[in-house]
Protein chains: 4
Amino acid sequence: MPPNASRRSERSRRAILDSALDLVGEVGYARTSIEGIAARAGVGKQTIYRWWPSKGAVLLDALLALSEGEEGEVEDLPDTGDLEADLKLVMRATVAELTDPRYDAPMRALATEILHDPALRAQWSERLDGPLRRLKEERLRSAQAAGELPGELDIALAIDLIWGPVFHRWLQSEAPLTAEFADQVVASAMHGLRG
Amino acid sequence: MPPNASRRSERSRRAILDSALDLVGEVGYARTSIEGIAARAGVGKQTIYRWWPSKGAVLLDALLALSEGEEGEVEDLPDTGDLEADLKLVMRATVAELTDPRYDAPMRALATEILHDPALRAQWSERLDGPLRRLKEERLRSAQAAGELPGELDIALAIDLIWGPVFHRWLQSEAPLTAEFADQVVASAMHGLRG
Amino acid sequence: MPPNASRRSERSRRAILDSALDLVGEVGYARTSIEGIAARAGVGKQTIYRWWPSKGAVLLDALLALSEGEEGEVEDLPDTGDLEADLKLVMRATVAELTDPRYDAPMRALATEILHDPALRAQWSERLDGPLRRLKEERLRSAQAAGELPGELDIALAIDLIWGPVFHRWLQSEAPLTAEFADQVVASAMHGLRG
Amino acid sequence: MPPNASRRSERSRRAILDSALDLVGEVGYARTSIEGIAARAGVGKQTIYRWWPSKGAVLLDALLALSEGEEGEVEDLPDTGDLEADLKLVMRATVAELTDPRYDAPMRALATEILHDPALRAQWSERLDGPLRRLKEERLRSAQAAGELPGELDIALAIDLIWGPVFHRWLQSEAPLTAEFADQVVASAMHGLRG
DNA sequence: GGATAACCGAGACGGTACGTCCGGTCTTACC
DNA sequence: GGTAAGACCGGACGTACCGTCTCGGTTATCC
């Protein structure tokens, strides 16, 4: 899809992603402009338009680059045999990330941008949400196999029941998003699903 | 707060709210501009700026006007003594509204605008979300009093557990938002909370 | 043709014309941009685009405003009864203007822009060249009536013969444009035409 | 001045000159870009920048190549002993060339470009205008020697008097440039000069 | 019932950013 | 080492809207 990726300047790519994240953190997503990103990155606007279709796409890449830089890149959800304990661990990590100031602003921005830009949503699904969702499905199926969850349980429903309250509180509610809340959500959801 | 509401032209007010809703429906929120609303409403831009602080505020009013026009204006959540049945009823209505094409686009738009505009969020909380939330709390407390829910239950947590999955699926997931899903979420959440 | 001339800001109009002339004088026509004019004039770009169709049109107006400011606004060519003497006077004035540094750069620029922009050429003809040409025709016809020129002489040809060499040297030749040259051209052309 | 002319691709050179002429003819000089020429010629931009300093320089070469292709490459102005007749012949040929659609657009373009680009002007003088001017001077001096023109006549002045009206009408006037006009200009100018 | 003040439509204004085009330079791979 | 290809930084284009600011015209109170 990109013009000719082989000749692409890695230097400019990094500068653009860094500048985008910095600007979103400093002035917010709405006041972050492509022009501003280009200027701060010391890059021509065309270099951004050549490789990304929109401001949101730049931010998505920036966010992916950021999480790839982390050591704890999740390969698999923990599977100790105790689903509830494992999910609490995972959910606390999720809450920690969602409240990390480095991630919070750009991720909120992306989450809303996705609602208006189908192309961006497709990218997000393919590169961020999809892989994560597959890990969740895997872990839940493993729990089904182990008898921790009913065999006939609808996995997609289960995922929304477990993670939905957390994401809802993150984006839509004014109540605080804490580790305790994560634990309570997991406990309650697990209890509800086990029936 | 408004200059002098008594002299306000009701005709212009209606035309603005209608045009705003129409435009959001036709071209999407992002491509709806104040200038566009003014032009379609046959109104000077200043008339919009005089009475509303932002595009989102216009839309919030438009949405409120829309739901006030409905007959089924909710005064109280049903309370038949069977919490689960009552909630299923309520949740099905919510899902119906969220998937109604007249509401869907503007409500999604508003939901995201709120994330970036604190003043708008305050209005939203005060005039839409707050009243609803109070009804939910009331109904849940009534259930506590009736022994259907544990007395020590954190009501705010309960609300997020029950409604979170639905709103999460509405805004963030690609899975369909159906009446069945509403029922399942309520059933599962209730079972989890009753423990 | 303009949107609504009555509400036009005279202040901005003057600032734009002045800035345009200044910039053409300082950096040349090619490096003068609409953006640059707007910036120097302290004016939004749209204010230029609202009232002028092109950079050349701004310059034409600026030039017209400049010459309107002069006291010696020509109303009629002198007519003392001695055509050759009168024309020498006029031609020396023309040469003086063409070599005046305030006029030279913008007028050269305009003269070339006209070759590529038919709309601009029409304006130029109507507001600058045409009126002047009519004065010339008038004076020559008066000379015909007085018997100083043959009655059957083609006036358009005569004008090109008299003024052509001067404008040619101004724009195309590297030889200097002097008052003596003006005199010689008039003398020689008159002699050629009288035959 | 060019890097190493020996390795130069004749194929590319021709393609560039042809494309330049074609584009100027089709979309005009202003909308002809170096990128456009390169693209149409199937050539890298660098290949143009390596061998020519500017768009105008390409066009000058293209024009020279075009006239070299003509059979009637002027080596000398005709000298039959009748200056007026000779000049009429020459002037009619000039008019024919200036109104030839193949030459007209690019030559107008070049004539104006020269006003803004001193380097190009130097090239133009050296390779097109200068040689022609020398031929004209030669022919006029020959006429002086033959007694057809006064011995003390300023040759440069004479050239401007004879050719000025034609070039002026070509570039600046809206009146048509015809063979009759050429004849009349020569006749009148000759009469004026002979005095 | 005439003055007057607020609202209204219209739209010009100084700005910011858009997404595109092209200038001139540099880099890569090929021949 | 010249070439086709094209990425790069940068500057300007002409457009869309922003939010503010007059303009006249029209109500709708209040003296």
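A, B, ... follow the sequence lines: proteins, then strands. Residue 1 opens every chain.
Here the C1' atom of nucleotide E/dG14 and the CZ atom of C/Arg11 are 11 Å apart, to the nearest Å. Atom CZ in B/Arg50 sits about 13 Å away from atom C1' in F/dT22, given to the nearest Å. One atom, CD1 of D/Ile37, and another, C1' of F/dA4, lie 16 Å apart when rounded to the nearest Å. Here the C1' atom of nucleotide F/dG19 and the OH atom of B/Tyr49 are 5 Å apart, to the nearest Å. Straight-line distance from the CD1 atom of C/Ile48 to the P atom of E/dG14: 10 Å, rounded to whole Å. Taking atom CD1 of A/Ile16 as the reference point, atom C1' of F/dC9 lies 11 Å away to the nearest angstrom. Between A/Arg31 atom CZ and E/dG15 atom P the separation is 19 Å, expressed in whole Å. In this structure, the CZ atom of A/Arg8 is 17 Å from the C1' atom of E/dT28, given to the nearest Å.
In terms of modelled atom types and a separation under 3.5 Å, the side chain of B/Lys45 and the main chain of B/Ile34 share no donor-acceptor contact. Counting only distance, with no hydrogens or angles, the side chain of D/Thr47 and the backbone of D/Val43 share no donor-acceptor pair below 3.5 Å. A distance-only check finds no donor-acceptor pair linking the side chain of D/Lys55 to the backbone of D/Ser33 [under 3.5 Å].
Between E/dG11 and C/Trp51, no contact under 4.0 Å exists linking OP1 or OP2 to a side-chain N or O. In terms of phosphate contacts, A/Ser6 brings no side-chain nitrogen or oxygen within less than 4.0 Å of OP1 or OP2 of E/dT28. Proximity of D/Trp52 to the phosphate of E/dG24: no side-chain N or O atom is located under 4.0 Å from OP1 or OP2.
Side-chain proximity of A/Ser33 to F/dG14, F/dG19, E/dA17: nearest is E/dA17. Here the side chain of A/Thr47 is nearest to one of E/dT28, F/dC9, F/dT3, namely F/dC9. With E/dG14, F/dC8, F/dC13 as the choices, the nucleotide that has an atom nearest any side-chain atom of C/Val43 turns out to be E/dG14.
Using a 4.0 Å heavy-atom distance criterion, D/Gly36 is classed as making no nucleic acid contact.
Between B/Ser9 and D/Pro53, it is B/Ser9 whose nearest contact on DNA chain E lies nearer the 5' terminus. Mapping A/Arg7 and A/Ile34 onto DNA chain E via the closest heavy atom, the residue that lands nearer the 5' end is A/Ile34.
Few gaps surround CZ on A/Arg127; more than 12 heavy atoms of other groups in view lie less than 6.0 Å from it.
The pair C/Glu26-C/Arg40 meets the salt-bridge criterion, since a charged nitrogen lies less than 4.0 angstrom from a carboxylate oxygen.
When all heavy atoms of B/Gln123 and B/Leu60 are compared, the closest pair comes out as CB-CD2, 3.6 Å. Closest approach of D/Leu59 and D/Ala109 over heavy atoms only: CD2-CB, 4.0 Å.
Contact of B/Gln46 with E/dC7 (side chain to base): no donor-acceptor pair of N or O atoms is detected under 3.5 Å. A donor and an acceptor atom never sit less than 3.5 Å apart when one is taken from the side chain of B/Lys45 and the other from the base of E/dG11.
For the pair A/Glu113/A/Tyr29, a side-chain contact is recorded, criterion being any heavy-atom separation below 4.5 Å from C-beta on.
A heavy-atom distance below 4.0 Å to DNA chain F is reached by none of the residues of residues 107-120 of chain A.
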